[in-house]
Amino acid sequence: MLLCSPSSISAHNLSRNRTRPSPINSMAVDRSSSRVATTASQRRNGTSALEARISLVIALASQTSSLSQKLLTELAGETAKYVLPKRIFESRTLEEALMSVPDLETVKFNVLKRSDQYEIREVEPYFVAEATMPGKYGFDFNGASQSFNTLAEYLFGKNTKKESMAMTTPVITRRTQSDGERMEMTTPVITKRVEDQGKWRMSFVMPSKYGSDLPLPKDSSVTIKEVPRKTVAVVAFSGFVTDEEVKARESRLRAALKGDAEFRVKDGASIEVAQYNPPFTLPFTRRNEISLEVEREQE
């Protein structure tokens with residue numbers, strides 16, 4: 001039998017105790033490791049969330065910038081149509097040379113004849129939206145504003161298709177025959193008076209791409225009509241339009257046409273006024289036209 005001294009046994013047991021981990025110490029280490037792992041995970045998650053928010057902000061800023069650039073481009077394009085007008089009319093006088101019109105779609109026509117006093121045009125068919133004006137005069141501000149707004153609402157989305165359509169020129173104000181059925185001019189907004197009722201009507205020329213397939217107006221006061229091909233005598237003038245100015249120019253145009261050997265005023269024809277420019281246009285650069293429907297003299 002091997003005998004060991006007490007001191008040897010004590011040393012051996014002490015060595016075993018040192019190498020065997022304590023249950024309490026083990027639990028402490030596990031908890032510490034868990035806290036470290038949790039903290040690291042939270043940091044990783046926190047960084048990931050922050051990065052996601054930063055990425056979202058950058059994406060939104062980029063999208064906003066792109067949208068802003070698009071809107072600015074569209075605004076610049078629309079502004080250019082008015083700031084950089086187009087020349088589609090031949091000037092007969094210095095007054096006409098100073099006139100300008102926006103770069104918008106307008107009524108199509110062919111010039112048949114020119115004289116020092118007027119121009120004879122053959123106007124192609126087109127569609128218009130029209131509304132009756134509440135005022136007694138064709139160029140009453142309140143009546144014109146109300147009719148213009150009604151037609152503009154239809155043009156810009158108050159229709160069965162909720163579709164916004166492009167603006168055209170000119171705006172036409174006209175007095176019509178007593179039947180009140182026909183309308184003329186494509187480019188302007190038209191204001192016409194029904195002779196037997198003492199009313200005027202304003203018309204917007206519709207974009208030609210729609211043809212007869214135009215959205216129907218939701219406002220019953222707006223009607224859609226097709227204007228047939230016609231021949232008209234036209235005189236252009238600048239400045240702002242007044243009823244007195246129109247009356248005087250109509251009288252002079254009728255007198256001048258009496259001396260025309262080729263064309264005469266059509267029976268029942270009434271004056272029509274086309275205005276091509278927005279209100280902020282300088283008076284001497286504005287283009288207005290009065291016209292009367294004519295027909296060839298019978299040979």
Side-chain angles (χ1 to χ4, degrees), residues 81 84-128 167-177 182-192 203-209 211 226-239 241 245-246 248-277 281 284-299:
K81 293 179 181 179
L84 303 174
K86 62 180 178 180
R87 297 284 179 179
I88 60 174
F89 301 98
E90 182 174 327
S91 301
R92 296 181 296 107
T93 65
L94 176 60
E95 180 185 18
E96 290 188 22
L98 294 174
M99 298 177 188
S100 63
V101 298
D103 188 14
L104 301 174
E105 181 182 358
T106 189
V107 62
K108 294 179 174 64
F109 62 85
N110 295 314
V111 177
L112 303 180
K113 177 182 177 180
R114 286 192 179 93
S115 72
D116 293 337
Q117 296 174 293
Y118 54 83
E119 183 176 272
I120 303 294
R121 300 175 186 170
E122 182 181 43
V123 182
E124 296 183 12
Y126 57 91
F127 284 86
V128 295
M167 187 66 186
T168 60
T169 58
V171 173
I172 302 175
T173 308
R174 92 179 184 108
R175 296 184 306 191
T176 61
Q177 297 89 339
R182 297 180 57 195
M183 286 198 59
E184 303 155 14
M185 285 300 288
T186 295
T187 307
V189 177
I190 304 173
T191 309
K192 63 179 184 178
S203 304
F204 278 14
V205 176
M206 294 292 96
S208 60
K209 70 176 184 178
E226 181 180 10
V227 179
R229 186 183 303 274
K230 63 179 181 179
T231 304
V232 295
V234 180
V235 174
F237 62 101
S238 60
V241 181
E245 179 80 9
V246 170
R249 290 186 177 276
E250 176 185 2
S251 179
R252 291 198 293 267
L253 178 57
R254 288 183 180 275
L257 286 168
K258 289 181 180 179
D260 194 309
E262 189 177 0
F263 294 93
R264 63 182 177 88
V265 178
K266 191 173 183 178
D267 291 342
S270 58
I271 201 69
E272 178 176 285
V273 181
Q275 297 173 271
Y276 288 83
N277 307 95
T281 306
F284 64 90
T285 64
R286 298 178 66 85
R287 184 180 183 90
N288 312 301
E289 294 177 346
I290 63 167
S291 62
L292 284 169
E293 188 170 2
V294 298
E295 59 187 2
R296 290 187 180 274
E297 290 280 4
Q298 295 180 356
E299 297 181 357

* Verdict with reasoning, M99 to R286, per side chain to side chain contact (heavy atoms under 4.5 Å, CB included) -> CA-CA 5 Å; M99 298 177 188; R286 298 178 66 85; over 6 Å; no
* **Donor-acceptor pair, side chain of N277 and main chain of S100, under 3.5 angstrom** => yes
* Got F237 and E95 here, is their nearest side-chain heavy-atom distance under 4.5 Å? -> yes
* Asked: So, E105 side chain and S208 main chain: donor-acceptor pair closer than 3.5 Å or not?
  -> yes
* 4.5 Å side-chain heavy-atom contact, I120 and T231 -> yes
* So, do V265 and R254 sit near enough that their side-chain heavy atoms are less than 4.5 Å apart? -> yes
* Provide the closest heavy-atom pair for V232 versus S291 in the form atom of the first, atom of the second, distance. => CB-CB, 4.2 Å
* Would you check, one step at a time, whether the test salt bridge (Lys or Arg N to Asp or Glu O under 4.0 Å) holds for E124 with R229? => CA-CA 5 Å; E124 296 183 12; R229 186 183 303 274; 5.1 Å; no
* Answer whether the closest heavy-atom distance between the side chains of L292 and I271 falls below 4.5 Å. => yes
* To do: Indicate yes or no: at least one non-hydrogen side-chain atom of I290 is less than 4.5 angstrom from one of V234.
  => no
* Taking N288 for its side chain and V273 for its backbone only, find out whether a donor-acceptor pair lies under 3.5 Å. => no
* F263 backbone acceptor or donor facing E295 side chain under 3.5 Å -> no
* May I ask you to test the E289-Q275 pair for a side-chain heavy-atom distance under 4.5 Å? => no
* Asked: Just how far is it from atom CD of Q117 to atom CZ of R114, taken to the nearest 0.5 Å?
  -> 15.5 Å
* Asked: With side chains defined as the heavy atoms from C-beta onward, is the minimum distance between K113 and E119 less than 4.5 Å?
  -> no
* Atom pair CD/CG of E297 and D260 - distance to nearest 0.5 Å -> 7.5 Å
* Asked: How long is the span from the CZ atom in F127 to the CE atom in M206, to the nearest 0.5 Å?
  -> 11.0 Å
* Do L257 and Y118 touch side chain to side chain, with heavy atoms closer than 4.5 Å? -> yes
* To do: Check whether any side-chain N or O of N110 sits under 3.5 Å from a backbone N or O of E122 as a donor-acceptor pair, and report yes or no.
  => no
